[in-house]
Each structure stands twice: as structure tokens, then as C-alpha cells.
Amino acid sequence: MTDLIELLREGLPEEAVLTDPDVTGAYANDMASFCEAGAPAVVVLPRTVEQVQHVCRTATALRVPIVPQGARTGLSGAANASDGCVVLSLVKMDRILEINPVDRIAVVEPGVVNATLSRAVMEKGLYYPPDPSSWEQCTIGGNIGTASGGLCCVKYGVTAEYVLGLDVVLADGRLLKTGRRTAKGVAGYDLTRLFVGSEGSLGIVVRAVLALKPAPLEQRVLAAEFPSTASACDAICRIMERGHAPSLLELMDRTSVRAVNAIGNMGLPESTEALLMAAFDTPDPGPDLAAVAELCTAAGATEVVPAEDATESDMLLQARRMTLPALEAVKGVTMIDDVCVPRSRLAEMIDGTAAIATKYGLTIGVVAHAGDGNTHPTVCFDPADPDESRRARESFDAIMALGLELGGTITGEHGVGVLKREWLARELGPVGVEMQRGIKQVFDPLGLLNPGKLF
């Protein structure tokens, strides 16, 4: 241990090497429940690519595991420390290196906060669409590591679609450059896409070239109340089938609506079984909003209310973003699932989750990025109650099993980490797991990068 600390300090400033257990303990885990975490030997906070390379060379020489971290807002345990590891926190590498309006790209370091980048490019008339609910805290490096999504994915897509190129430090300290700065490029294997969603298990992202879009117009939101989740999901299918391209299409179940009202006094309709929000950011959203309102009514909506102005639209979106803290307030702790199913099976997924909640005697609220079938069943439980904790874990597994039965995937945007490691093998099958482990062996033959995640 002494050798490790001394060698790290040879290439890092004193303040960048943290060894006090009371301090390093704060870096042990992300926001996921039921995920084991170890005690790191040391936490390092490099500011340069060269410092990251030094950390990796040192750790490899001493055969010490490396756990890369961003803001630790993840929900799968992917950033959790292992005993005796080097936690490599990238939050100090937080520079926006370039914003190019002609090429429509931004070049950033991994510690840049998503919202900071979004606001910076907006000032130049540009737009970085991926917007996880934690966008005010989460970092671009963490978004890349978990292939994050967000509320706008239904129209604009997920993080993977905006990563053009990467600089990656490999486990042995070598620097790999992948991808491009150009609008097009197909030279060789797409290693850039391989690193997106790899949860730091293949290399450490130290720089990213991101695609940007022209800034959209201000979006207008419509809210529709439904007497059942089935009728709300019928409306979603009608909207997508008719070719509409909403910038947002979100669903909140009754439990989520009531939880948000309880902490925020948002005035959402508590009589509803499902609340659907649709938004458009076109030059004239009126016709689209009117058409969606008709489709919602035809599907059984009891009330359809378009926001009258930007303030009302923002209030509705704020209510949607409040869902997680609201559900946390129900019992104090939550487990957030991330099952994504085909849109046509969304009603079965949500109704099935309600049946699971009844079976296990738990409160489970569901919000969904309904336009892409990505549900977030949120299990509320008291961690001080062993029986309730057991039931929470079992219900979580039952929800993932349901998602796979419906032709879905165990994670649409949160990643696998520790929480879903067992379930990844079930989804991929033995041949898929073998191929992925083979890729891991190529990039990290000693198995030092983020061990215990994914597989």
C-alpha cells in the first residue's frame, strides 16, 4: 500500500491523492441500492491525460484494480469501489475544450457536467440532446460509460448517437484515439461505439468529440389524463403509428403522480390512473398538439390539457423530473429498475409491474420514457426492515424477468454495473457472454479495469 501511494504521488499533485479513510469512504459507491461496495485504497483526482496515464501505469505495475468514477449519480453500482482499488475520479477534468458551430461538434473532458455543456452550446445556437434526469449533476464521462438516455430520446436519440470520437487511456497507460471529428466516417471497426456503455471496463475516457444539433425551438407540452394505463399506452401506440415525432412522450402512473404532489404541491390530477405528457418543438406545434389530443381522446383520455405557455410547459416537465426524489420520500430508499420493452408491450409491462407490487405488498411507482418503451419501475422500501428489503429485491428481479418475457432488455439507459450482472448473462446467452468476455480480455488482459461489473 505504501508503494502504491508513493508511486502515485510521483506523478500527481499532493492534493490529488486522497488516503484518509473518512474521505475515501465517500467515494465507495454510487446511488444504487443492493450493490456491494468495497473500501478503496486511495482516491485520485487527476486533471490531465498524462496524470491518468500515470495512474494506470502505476496500478498495472502493482496489479491494483482501477475503478473510474464520474459524479456517482449512477443507478446500477457501476461506479462502486472494490476493496483495495484505486478510485480514479475524473470530476476535475471538467474543461469544455472546443465548441465548433460549423462542424457542429463539442470537444470535452469527461468531468464536464451535462447541464453545463448543454447551456454552453445553447449560447451558440446549438443543442446537445441527451438529458438524463440527473443532468444537473451527472458528467459526460459517466453518460458515455453507461450510455445514458433521457427525456428527449424519443426524438433525438441516446448518448451513443452523439459520440463521434474518444481519447481513451488503456489499462497499461497507452492512449488510444477512436472515431473522428467529421460528419461521416467508416474507417475500421467502430471502437468508439464499443466504449459507449462499457462502464469503464475497457478503458478510461479522457476526451470526447460530441455531435451537436441546431438548437430547437421552445417546446410546448400537452398533458392527458387516463382512467387506466392500458388506455394511456393505447394512445402512445396511436401517436407513434400515425407518424408523429414528439420531442418528449412521458408517462407517470398514479403512484408517481401522488408522490410528486406530496412533496411539491404540483397540482397534478390525483384522480388519474396514468398521466401522459407529450411535447413538440416544431415552429408551429399547434397542429401536432391538436392531433395528439384527438388521439388521446379516442383512446379514452378523460381530460386533455395543452400548456398555455412556456411557464406551464416547464412546470409539467419539472413535475416529471421530480419523480425520483418524490418516490424516495415514500419510504426513504428506492430501487430503480430500467426495463425497456417494445412500445406495443408497454401496457403489459406497466400492468404486470402493478401485479408484482400487489404480490409483494410494496409501493412501486412507474414512470416511463413512453415514446421508446423505457420504463422506470421504482420500488419503495424501508432498508431497516429485513423482510421488506427481501421483498424489494425479489420484486426487482420479477420486474426484470417480466421485461425479458415481453421481448425487452434489462436496461435501456442505466447500465448493468453490479445490480444487473446476473441478468446480463440471461439476456445475452452463453455465446454472447463469451464474445463480450473475449473483448474485455483484448483491452484489459489483467482484468484491472472496474472488476466485478457487467460479468
Side-chain angles (χ1 to χ4, degrees), residues 27 30 44-57 59-60 65-74 76 78-80 85-98 105-114 116-117 128 130 132 134-135 137-149 158-181 189-212 413-417 439-440 442-444 448-451 453-454:
Y27 292 81
D30 62 18
V44 295
L45 296 100
R47 291 181 179 272
T48 68
V49 173
E50 293 74 20
Q51 289 174 1
V52 174
Q53 291 179 286
H54 171 71
V55 172
C56 290
R57 291 189 189 109
T60 293
I66 305 167
V67 176
Q69 289 184 351
R72 304 193 311 281
T73 57
S76 68
N80 283 15
C85 75
V86 174
V87 164
L88 178 55
S89 174
L90 296 157
V91 295
K92 299 295 185 183
M93 297 181 67
D94 59 356
R95 294 179 300 160
I96 298 174
L97 302 172
E98 178 185 354
I105 61 169
V107 182
V108 304
E109 293 183 327
V112 172
V113 171
N114 183 298
T116 300
L117 174 64
Y128 180 68
S134 60
W135 76 307
Q137 297 87 34
C138 64
T139 63
I140 296 299
N143 295 167
I144 292 170
T146 57
S148 298
V158 296
T159 296
E161 296 167 62
Y162 293 89
V163 182
L164 298 177
L166 295 170
D167 286 7
V168 181
V169 175
L170 302 178
D172 60 8
R174 288 179 296 164
L175 183 64
L176 170 69
K177 293 181 179 289
T178 75
R180 62 193 195 278
R181 291 173 56 99
Y189 294 127
D190 190 351
L191 297 183
T192 302
R193 201 68 176 245
L194 183 62
F195 280 99
V196 179
S198 65
E199 300 182 11
S201 66
L202 302 179
I204 313 297
V205 172
V206 291
R207 189 167 298 173
V209 180
L210 305 174
L212 304 174
E413 58 187 9
H414 291 172
V416 175
I439 292 169
K440 167 75 168 172
V442 169
F443 284 92
D444 181 24
L448 297 178
L449 293 176
N450 217 8
K453 313 308 189 320
L454 293 170

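The figures that follow rest on heavy atoms only: side chains count, while hydrogens, waters and symmetry mates do not. Note that the coordinates shown come from a computational prediction; the quantities given were computed from them, not determined experimentally.
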From CD1 (Ile66) to CG (Leu448), nearest 0.5 Å: 6.0 Å
Does any part of the side chain of Leu90, heavy atoms only, come nearer than 4.5 Å to the side chain of Ile204, both counted from C-beta? yes
Output all residues satisfying salt bridge (charged side-chain N to carboxylate O under 4.0 Å, His left out) with Arg181, sequence neighbours left out; order by chain, then residue number. Glu98
Sequence-distant partners of Lys92, salt bridge (charged side-chain N to carboxylate O under 4.0 Å, His left out), two or more places apart: none
Please tabulate, for the side chains in residues 45-53, all donor-acceptor contacts under 3.5 angstrom to protein atoms that are two or more places apart in sequence or on a different chain.
from: Thr48; atom 1: OG1; to: Gln51; atom 2: N; distance (Å): 3.1
from: Gln51; atom 1: OE1; to: Arg47; atom 2: N; distance (Å): 2.7
from: Gln53; atom 1: NE2; to: Gly173; atom 2: O; distance (Å): 2.9

Minimum-distance pair of heavy atoms, taken over all atoms of Cys56 and Val169: SG-CG1, 3.8 Å
Compare all side-chain heavy atoms of Val168 with those of Val206 and state whether any distance is below 4.5 angstrom. no
Looking at every non-hydrogen atom in both residues, tell me the closest pair between Val67 and Cys85 and how far apart they are. CG2-SG, 3.8 Å
Full working for side-chain contact (heavy atoms from CB on, under 4.5 Å) between Ile144 and Val163: CA-CA 8 Å; Ile144 292 170; Val163 182; 4.0 Å; yes
Beyond-backbone contact of Arg207 with Val107, side-chain heavy atoms, under 4.5 angstrom: yes
If I compare all heavy atoms of Gly200 with all of Asn450, which pair ends up nearest, and what's the gap? O-CB, 3.8 Å
May I ask you to decide if Ala79's main-chain N or O and Gln69's side chain share a donor-acceptor pair within less than 3.5 Å? yes
Nearest heavy-atom contact between Ala147 and Val196 is CB-CG1, 3.9 Å
The complete set of side-chain hydrogen bond (donor to acceptor under 3.5 Å, both in side chains) pairs with one or both residues in residues 161-177, sequence neighbours excluded, reads Asp167-Lys177, Asp172-Arg174
Sorted by chain and number, sequence neighbours left out, side-chain hydrogen bond (donor to acceptor under 3.5 Å, both in side chains) with Asn80 holds for none
Residue pair Asn114 / Cys138, side-chain heavy-atom distance below 4.5 Å: yes
Check whether any side-chain heavy atom of Val108 lies under 4.5 Å from a side-chain heavy atom of Leu210, and answer yes or no. yes
Test side-chain contact (heavy atoms from CB on, under 4.5 Å) applied to Arg95 and Val112, step by step: CA-CA 6 Å; Arg95 294 179 300 160; Val112 172; 5.6 Å; no
Contact check, side chains of Glu413 and Val158, non-hydrogen atoms, under 4.5 Å: no
List the steps, then state whether side-chain contact (heavy atoms from CB on, under 4.5 Å) holds for Trp135 with Tyr128. CA-CA 12 Å; Trp135 76 307; Tyr128 180 68; over 6 Å; no
Ignoring hydrogens, what is the shortest heavy-atom contact between Ser134 and Thr73? Give both atom names and the distance. OG-OG1, 3.7 Å
Using a 3.5 Å distance criterion without hydrogens, assess whether the side chain of Asp30 forms a donor-acceptor pair with backbone atoms of Ala78. yes
Looking only at heavy atoms, what is the nearest atom pair of Gly70 and Val91, with distance? O-CG1, 3.3 Å
Do Pro132 and Ser148 come close enough that some side-chain heavy atom pair is under 4.5 Å? yes
dist Leu175:CG -> Leu170:CG (nearest 0.5 Å) comes out at 8.0 Å
Among Leu449, Asp444, Leu194, the one residue meeting side chain to side chain contact (heavy atoms under 4.5 Å, CB included) with Leu202: Leu194
Tell me the side-chain hydrogen bond (donor to acceptor under 3.5 Å, both in side chains) pairs involving residues 190-204, sequence neighbours left out? Thr178-Thr192
